[in-house]
Asker: 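What follows is a single structure, and I will ask about it in a moment.
Note that this is a predicted model, so its numbers are computed, not measured. Along the sequence shown, residues carry numbers from 1.
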Amino acid sequence: MASKPGILSDWPWKSMGNFKYALVVPGAIYSTYSFIRCKDENERNWFMFLVLPFLVFRLIHYQLWISYSRYRTAKGNNRILDKSIDFDQGFVSLLWEELEKLMKLGSISIDVNTTCKFIKDVDDQIILNGILFYGAGIVLKDQFNMPFFKADGTLIILLLHWGPAEFLYYWLHRALHHHYLYARYHSHHHSSIVTEPNTSFVHPMAEVLAYYGLLLIPTLLSVYIGKANIVGVFTYVTVIDFLNNMGHCNFEFIPKWFYTIFPPLKYIIYTPSFHSLHHTQFRTNYTLFCPLYDYVYGTVDKSTDSVYENALKREAESPDVVHLSHLTTPDSIYHLPLGFPSLSSKPQVSKWYLLFMWPVTVWSMLLTWVVGHAFISERNAFKKLKLQAWVVPKYNMQHEEFSRNVELYMKRNPQLKIKVVDGSSLAAAIVLNSIPKETAQVLLRGRVSKDVYVLVQALCQKGIKVLTVQEDEYKKLLKFDNKLQSNLFLSERYDTKVWLVGDGLTDKEQFKAPKGTIFIPFSIFPPKKVRRDCYYHTTPAMVAPASVENLHSCEDWLPRTAMSASRVAGIIHASEGFDVNECGGTLFSVDKVWEASLENGFRPLPIST
């Protein structure tokens, strides 16, 4: 939000919430009905009919840029700025589900009105685009019933942009940097020092209206002279979107030979590093896409060429710690930070629109099986450690086999300098320290795993009784360690107030718990919340210290700045120099890793009440 919001900062449909999308429905219905009703093929208004698909295409275009930009900046090669993106800037990419998730956590306070202005800017601009196109098509019906393609018309539109539209934008942009307008409008956009494609659509309404007024000049003039065409108009908007996203992507990819072949291109098309300097220096590189006017009026940043060349030379980073994660279900590809992080906030809930994305889902599954290479999804830093998160293209049914192979490989190659840490000991420590101090007994329910063995062993050593209602779980735990028998009991009752739960917990079993029960998960996935009169803790995780950089989005369903136990454990082992593997049947000291985590600034998450 601007530091001193001026008039027309908010969109008029702000109070409508998600119902604002209905604003384009009348135009879509009218254009579709008119198109179907018209029997004469030559009289059909293809422009109006294609507006809605084009708006959807714009959203997809934005998302592709966002995903690819995050991948490239995480990888590190050709990255322009190293400064991390903070969480407030990361709000630009959040959706409503994430906001609701954060608001429900009692330990977090959020200014809803401020946050929402960052979240929905792209939707607002797409809605405005739809209203303008439909409105123009209805009012200027004959003029906007344009032919499908005219080569000269398309060229005229682009020339009109690089001429008067770029010139007027340059001076508008300089005016927006006057302290009066900057404080009331443009500072909203400059809240992002390190830019992402998301940054390109973060503007107050008044500023967007001014931009649209300039960008409509080429379109309306082409309509006036009879050269407008569907391909030309849609191509113009797509080029604007492409260059806008490119200028905010924070990685350089335009090769030097591009300007060597035809040197005047330097004054016609900018580079991502050119606009990145505008966000760091503020008083230089004002142009929209055409640097000519910065050169003419002497506002080109002196370091433009050196920043461009240094970014091109930059190589991919070599990480000190890699957090490996894997896919779970076919739809989980959308849960990644590169995709739609909001979906991972509610892993048990399926969204209706994913049904329409099944071609992409199937294609992604085939691609992961064919290629089979891990890929980077996020980068962080802690002290002097470079951290990366990689996604292994394996699904749940392949996970156990993958884990066994890793353990076998490490045993066969003890000379390797790489250490593998699965975080079992820290996960057990987090669960153990989440249990209220006065607790005398707990009920254990869920699929027995290595984490559970470590946890039950620690609980029994502390004299806490562990009850289990499943005989097979009881036998597996005793098989692991017969000494547990003194504090491990098979029970038929569900009246314990503290439940340690994992995969396999049913809704029916949850309803057997007494009112006020605390459900503390030890599994990777959280239990489904079916009781409103009980408390649900998060899956094993810790709040990261401020020294962890680039935490700009939530990790799965965890609250802001929280990191999963497995991720924290890898950082702690590297930071403390623990020269051990913790995978398969190998365990590490629960107390030692817990104390080391606290010493490094990580803190436990409070139970939300």
Asker: May I ask you to check whether T299 and Y293 show a side-chain donor-acceptor distance below 3.5 Å?
Answerer: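 The criterion, which ignores hydrogens and geometry beyond distance, is not satisfied for Y293 and T299.
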Asker: Is the shortest side-chain N to carboxylate O distance from E196 to R70 below 4.0 Å?
Answerer: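 Counted as a salt bridge, because a side-chain N and a carboxylate O are separated by less than 4.0 Å.
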Asker: Between K20 and D124, is there a side-chain N and carboxylate O pair less than 4.0 Å apart?
Answerer: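 So K20 pairs with D124 through a salt bridge.
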Asker: Any donor-acceptor pair under 3.5 Å linking the side-chain atoms of N129 with those of R58?
Answerer: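 Indeed, the side chains of R58 and N129 share at least one donor-acceptor pair under 3.5 Å.
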Asker: Does the ring centre of H190 sit less than 6.0 Å away from the ring centre of Y182?
Answerer: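 Here the rings of H190 and Y182 have centres that are less than 6.0 Å from each other.
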Asker: So how far is it from W13 CH2 to I127 CD1, rounded to the nearest 0.5 Å?
Answerer: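 The distance works out to 6.0 Å.
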Asker: Do R314 and N77 make a side-chain contact, defined as non-hydrogen atoms from C-beta onward lying under 4.5 Å apart?
Answerer: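 The answer is no; the side chains never approach within 4.5 Å.
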Asker: Can the positive tip of R184 be found less than 6.0 Å from the middle of the six-membered ring of Y180, inside 45° of the ring normal?
Answerer: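 Relative to the ring axis of Y180, which defines the angle, R184 lies inside both limits.
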Asker: Going by the rule side-chain contact (heavy atoms from CB on, under 4.5 Å), which residues pair with I7 if we only count those two or more places apart in sequence or in a different chain?
Answerer: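 side-chain contact (heavy atoms from CB on, under 4.5 Å) list for I7, sorted by chain: Y185.
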Asker: Answer yes or no: is there a side-chain heavy-atom contact under 4.5 Å between F289 and I240?
Answerer: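 F289 reaches I240 side chain to side chain.
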Asker: If you count heavy atoms of other groups shown closer than 6.0 angstrom to CH2 of W390, is the number above 12?
Answerer: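 Open: at most 12 neighbouring heavy atoms sit under 6.0 Å from CH2 of W390.
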Asker: What do you reckon, are the aromatic ring centroids of H278 and H177 less than 6.0 Å apart?
Answerer: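 Yes, close enough.
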Asker: Centre-to-centre under 6.0 Å for F274 and Y308, is that the case here?
Answerer: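 For F274 and Y308, the ring centres are not under 6.0 Å apart.
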Asker: Aromatic ring centroids of Y236 and H161 under 6.0 Å?
Answerer: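 Yes - the distance between ring centres of Y236 and H161 falls below the 6.0 Å cut-off.
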Asker: Check whether any side-chain heavy atom of L55 sits under 4.5 Å from a side-chain heavy atom of V51, and report yes or no.
Answerer: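 With C-beta onward as the side chain, the pair touches.
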Asker: Please round to the nearest 0.5 Å and tell me the distance separating atom CG of N78 and atom CG of N250.
Answerer: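 One gets 11.0 Å once the value is rounded to the nearest 0.5 Å.
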Asker: Give the minimum heavy-atom separation between N550 and E378, together with the two atoms involved.
Answerer: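 In terms of heavy atoms, the two residues are closest at O-OE2, 4.1 Å.
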Asker: For a 4.5 angstrom cut-off between non-hydrogen side-chain atoms, does H61 reach F242?
Answerer: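 Yes, at least one pair of side-chain atoms sits under 4.5 Å.
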Asker: Rounded to the nearest 0.5 Å, what separation is found between the CG atom of L81 and the CG atom of L277?
Answerer: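 It comes to 8.0 Å.
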Asker: Does F201 reach the side chain of V208, with side-chain heavy atoms less than 4.5 Å apart?
Answerer: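 In short, these two side chains do not touch, never coming nearer than 4.5 Å.
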Asker: Flag the pair W171 / Y297 as yes when their ring centroid distance falls below 6.0 Å, and as no otherwise.
Answerer: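 Ring centroids of W171 and Y297 are less than 6.0 Å from each other.
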Asker: In terms of side-chain geometry, is the basic nitrogen of D294 or R174 positioned less than 4.0 Å from the acidic oxygen of its partner?
Answerer: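 The answer is no: the pair does not qualify as a salt bridge.
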Asker: When you compare the side chain of M563 with that of V548, does any pair of heavy atoms fall below 4.5 Å?
Answerer: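 Yes, close enough: below the 4.5 Å cut-off.
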Asker: Using a 6.0 Å cut-off, check whether atom CH2 of W358 has over 12 heavy atoms from anything other than its own residue.
Answerer: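 Result for CH2/W358: open.
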Asker: Do D305 and K266 sit within salt-bridge range, that is, some charged N less than 4.0 Å from a carboxylate O?
Answerer: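 Result for this pair is yes, salt bridge flagged.
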Asker: Determine, using ring centers only, whether F234 and F47 are less than 6.0 Å apart.
Answerer: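 Yes, they do, as the ring centres are separated by less than 6.0 Å.
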Asker: Answer yes if the ring centres of H248 and H189 are under 6.0 angstrom apart, and no otherwise.
Answerer: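 They qualify: ring centres under 6.0 Å apart.
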Asker: Could you walk me through whether M48 and N145 pass side chain to side chain contact (heavy atoms under 4.5 Å, CB included), step by step?
Answerer: CA-CA 8 Å; M48 289 282 285; N145 191 2; over 6 Å; no
Asker: Which heavy atom of G232 sits nearest a heavy atom of T154, and at what distance?
Answerer: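 That would be CA-OG1, 3.4 Å.
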Asker: So is R79 actually on top of F251's ring, under 6.0 Å and inside 45° of the axis?
Answerer: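 R79 over F251 ring: no.
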Asker: Of the options Y134, F35, Y33, which is the one that meets F49 in a ring pair (Phe, Tyr, Trp, His ring centres under 6.0 Å)?
Answerer: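 Only match with F49 under ring pair (Phe, Tyr, Trp, His ring centres under 6.0 Å): F35.
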Asker: As an exercise, state the distance from CD1 of I29 to CG of L52, rounded to the nearest 0.5 Å.
Answerer: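 Here the interatomic distance stands at 10.5 Å.
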Asker: Between V233 and M146, is any pair of side-chain heavy atoms under 4.5 Å apart?
Answerer: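 They are in contact (side-chain heavy atoms under 4.5 Å apart), so the answer is yes.
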Asker: If you take all heavy atoms of A74 and S377, which pair is closest and at what distance?
Answerer: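 The pair with the smallest heavy-atom distance is CB-C, 4.3 Å.
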Asker: Answer yes or no: are there more than 12 heavy-atom neighbours, outside Y212 itself, under 6.0 Å from its atom OH?
Answerer: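 It does: Y212 OH has more than 12 such atoms within range.
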Asker: Do you know which two heavy atoms are closest between Y169 and L288, and how far apart they sit?
Answerer: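 Of all heavy-atom pairs spanning Y169 and L288, the closest is CD2-CB, 3.3 Å.
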Asker: With rounding to the nearest 0.5 Å, note down the distance linking OG in S273 to CD1 in I254.
Answerer: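 Output value for this atom pair is 8.0 Å.
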Asker: Measure the CG-CZ distance between L214 and F167 for me, rounded to the nearest 0.5 Å.
Answerer: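 The CG atom of L214 sits 11.5 Å away from the CZ atom of F167.
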Asker: If only side-chain N and O atoms count, and only distance matters, is there a donor-acceptor pair under 3.5 Å linking N45 with S34?
Answerer: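 N45 and S34 do not have a side-chain donor-acceptor pair below 3.5 Å.
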Asker: Should the ring pair Y211 and H203 be called parallel, tilted or perpendicular, given that the plane angle runs from 0 to 90° and is split at 30 and 60?
Answerer: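 Plane angle over 60°, so perpendicular.
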Asker: Are side-chain heavy atoms of P526 and W557 found at a separation under 4.5 Å?
Answerer: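 P526 vs W557: side chains touch.
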